[in-house]
Amino acid sequence: MKSLIVLLGPTGVGKTELSLTIAEHYESPIISCDSRQIYKRIPVGTAAPTPEQLSRIKHYFIEILELTDYFSASRFEEETISLLSTLYQAKDTIVMTGGSMMYIDAICKGIDEIPTIDEKLRRDLFDQYQQEGIDPIRNQLKILDPDFYRQVDLKNHKRVIHALEICLMTGKPYSSLRTNSIKKRPFNIIKIGLKRDREELYSLINQRVDLMMKQGLLDEAKQVYHLRNLNSLNTVGYKELFKYFDGEWTLDFAIEKIKQNSRIYSRKQMTWFKKDTEMQWFHPSQAKEIMEYLNKMI
RNA sequence: GGUGCCAUAGCUCAGUUGGUAGAGCAACGGACUGAAAAUCCGUGUGUCCCUAGUUCGAUUCUUGGUGGCACCA
């Protein structure tokens, strides 16, 4: 039986180091599940695996995209599922790790088949939103997909715009394409969740931001400052330093904000993960217990 | 030392013509199906600095303290 070990947890909890231990034990490569480490040029601020760590184990989806490249949870699903079918020809156990909630679910549960939005349509609707506000877009959605209109968070412009994009693109109501069905995978999924007490996690996150600054985050951010409008750089660690470059914030304030936003992000991740009943939770120091648990499950 | 001003939520402050109080930020909780480190939503009991008084009733008025700030010496 083929197995996928999914190691997850909030940012800063200690996934990277433990994933190497597990991967080495099973002689598995590591599939990264991280929507920002996948990009080139921002390894420090995204806490990507170091060159030393990358040399120990073959990693997938680390620093492979240009910041300008489009990517999505669905592409991640497609590419990972196809990669897994290749890897499983030679291995029985594969390790996946990361903190991007939707990417993880895309693999473990799958997401619905929906066409990728045409770039021009997306830009046009966004322009309309900026000029006329959300109301005209809402009204159009109400006509094209009354069902979804009723359930969507009408204040969340991204959701509303996206639903309308799908309606216009496919000529069908967005809700008719949302099946919410869970895809059966041809492999066994074992989820390991890492968690720490909040105080401990916060302290590690704060320390890690200071470390990133020592490792050259400021310079890294400067190098990509001119690309600041890209979605790939709407990212904790960069958006705050961009405000410093703009002269809006002092450097110290920006660093405090990076720490704060990282803490908030870790909480959002935990909110998502908590709901997952398949998860087996451990403290990162329990490597021995984790290995015992895995050996039992595989 | 004298005079004046201030003292309200973790922070910055508003307010109560006397009927025990509210914003922003922070903090916390939640949603999440192709941009997700994104985007959005929800939650405010706090000795209204302490003390004594006036009053049916004081955080609000008065007395005396304490602390801070400013000016004068």
Novice: What interatomic distance, in whole Å, is found between P of B:G57 and the corresponding atom of B:G19?
Specialist: 14 Å
Novice: Is the NZ atom of A:Lys183 crowded by more than 12 outside heavy atoms at less than 6.0 Å?
Specialist: yes
Novice: Ignoring backbone atoms, test whether A:Arg75 places a side-chain nitrogen or oxygen under 4.0 Å from the OP1 or OP2 oxygen of B:A35.
Specialist: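 No.
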Novice: Could you give the CZ-to-P distance, from A:Arg122 to B:A36, as a whole number of Å?
Specialist: 9 Å
Novice: Can you tell me, in whole Å, how much space there is between the P of B:A35 and that of B:U45?
Specialist: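 About 40 Å, rounded to a whole number of Å.
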Novice: Within the structure, does a side-chain N or O atom of A:Lys268 lie under 4.0 Å from either OP1 or OP2 of B:G29?
Specialist: no
Novice: Grab the OH-C1' distance between A:Tyr39 and B:A36 for me, whole Å please.
Specialist: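 In whole Å, B:A36 C1' lies 11 Å from A:Tyr39 OH.
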Novice: Round to a whole Å and report the spacing from CZ of A:Phe273 to P of B:C32.
Specialist: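 After rounding, the reported distance stands at 15 Å.
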Novice: Using the side-chain heavy atoms of A:His162, tell me which of these nucleotides is nearest: B:A36, B:A35, B:U39.
Specialist: B:A35
Novice: Counting only side-chain nitrogens and oxygens, does A:Asn231 get under 4.0 Å of the OP1 or OP2 atom of B:A36?
Specialist: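 So the side-chain polar atoms of A:Asn231 do come within 4.0 Å of the phosphate oxygens OP1 or OP2 of B:A36, strictly under.
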Novice: Between the protein and nucleotides 42-44 of chain B, are there any N/O to N/O pairs under 3.5 Å, and if so, what are the atom names and distances?
Specialist:
none

Novice: With a 4.0 Å cutoff (strictly under), does any side-chain N or O of A:Thr271 reach OP1 or OP2 of B:G30?
Specialist: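 Yes, such a contact exists.
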Novice: Ignoring the backbone of A:Asp153, work out which of B:C32, B:C40, B:U39 is nearest its side chain.
Specialist: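 The answer is B:C40.
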Novice: Quick check: are there more than 12 heavy atoms from other residues, nucleotides or ligands sitting under 6.0 Å from CD of A:Glu27?
Specialist: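 12 or below, so no.
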Novice: Any idea which of B:G30, B:A27, B:C32 is nearest the A:Arg159 side chain?
Specialist: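 Among B:G30, B:A27, B:C32, the one nearest the side chain of A:Arg159 is B:C32.
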Novice: Figure out the CZ/P separation between A:Arg178 and B:C32, and round it to whole Å.
Specialist: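 So the two atoms are 9 Å apart, to the nearest Å.
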Novice: Give me the residues of residues 190-205 of chain A where at least one heavy atom lies under 4.0 Å from an atom of RNA chain B, by number, or none.
Specialist: A:Arg198, A:Tyr202
Novice: Can a side chain N or O of A:Lys275 be found less than 4.0 Å away from OP1 or OP2 on B:G30?
Specialist: no
Novice: Using Watson-Crick pairs (N1 to N3, plus N6-O4 or O6-N4) and G-U wobble pairs, both distances under 3.5 Å, which stems of at least 3 pairs involve RNA chain B?
Specialist: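 Stem list for RNA chain B: B:1-7 with B:66-72, B:10-13 with B:22-25, B:27-31 with B:39-43.
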Novice: Among B:A26, B:C40, B:C32, which is the nearest nucleotide to the side chain of A:Asn156?
Specialist: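 Among the listed nucleotides, the one closest to the side chain of A:Asn156 is B:C40.
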Novice: Given the P atoms of B:U20 and B:G24, what is the spacing between them in whole Å?
Specialist: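 Looking at atom P only, B:U20 and B:G24 are 23 Å apart.
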Novice: Quick check on B:A36: is either OP1 or OP2 less than 4.0 Å from any side-chain nitrogen or oxygen of A:Gln269?
Specialist: no
Novice: Is it true that A:Glu240 and A:Tyr244 share a donor-acceptor pair across their side chains at a distance under 3.5 Å?
Specialist: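 Short answer, no.
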Novice: Would you kindly give the CZ-to-P distance between A:Phe126 and B:A35, to the nearest whole Å?
Specialist: 13 Å
Novice: When we call it a touch if two heavy atoms are under 4.0 Å apart, what does A:Phe76 touch: a base, just sugar-phosphate, or nothing?
Specialist: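 Result for A:Phe76 = nothing.
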Novice: Write down the distance separating the C1' atoms in B:G10 and B:U66, rounded off to the nearest Å.
Specialist: 23 Å
Novice: Within this structure, what is the CG-to-P distance between A:Asp112 and B:C32, rounded to whole angstrom?
Specialist: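 Atom CG in A:Asp112 sits about 14 Å away from atom P in B:C32.
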Novice: Just checking, any donor-acceptor pair under 3.5 angstrom between side chains of A:Glu200 and A:His283?
Specialist: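 Looking only at side-chain atoms, A:His283 and A:Glu200 do form a donor-acceptor pair, the distance falling under 3.5 Å.
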Novice: Using the C1' atoms only, state how far B:A21 lies from B:G30, rounded to an integer number of Å.
Specialist: 28 Å
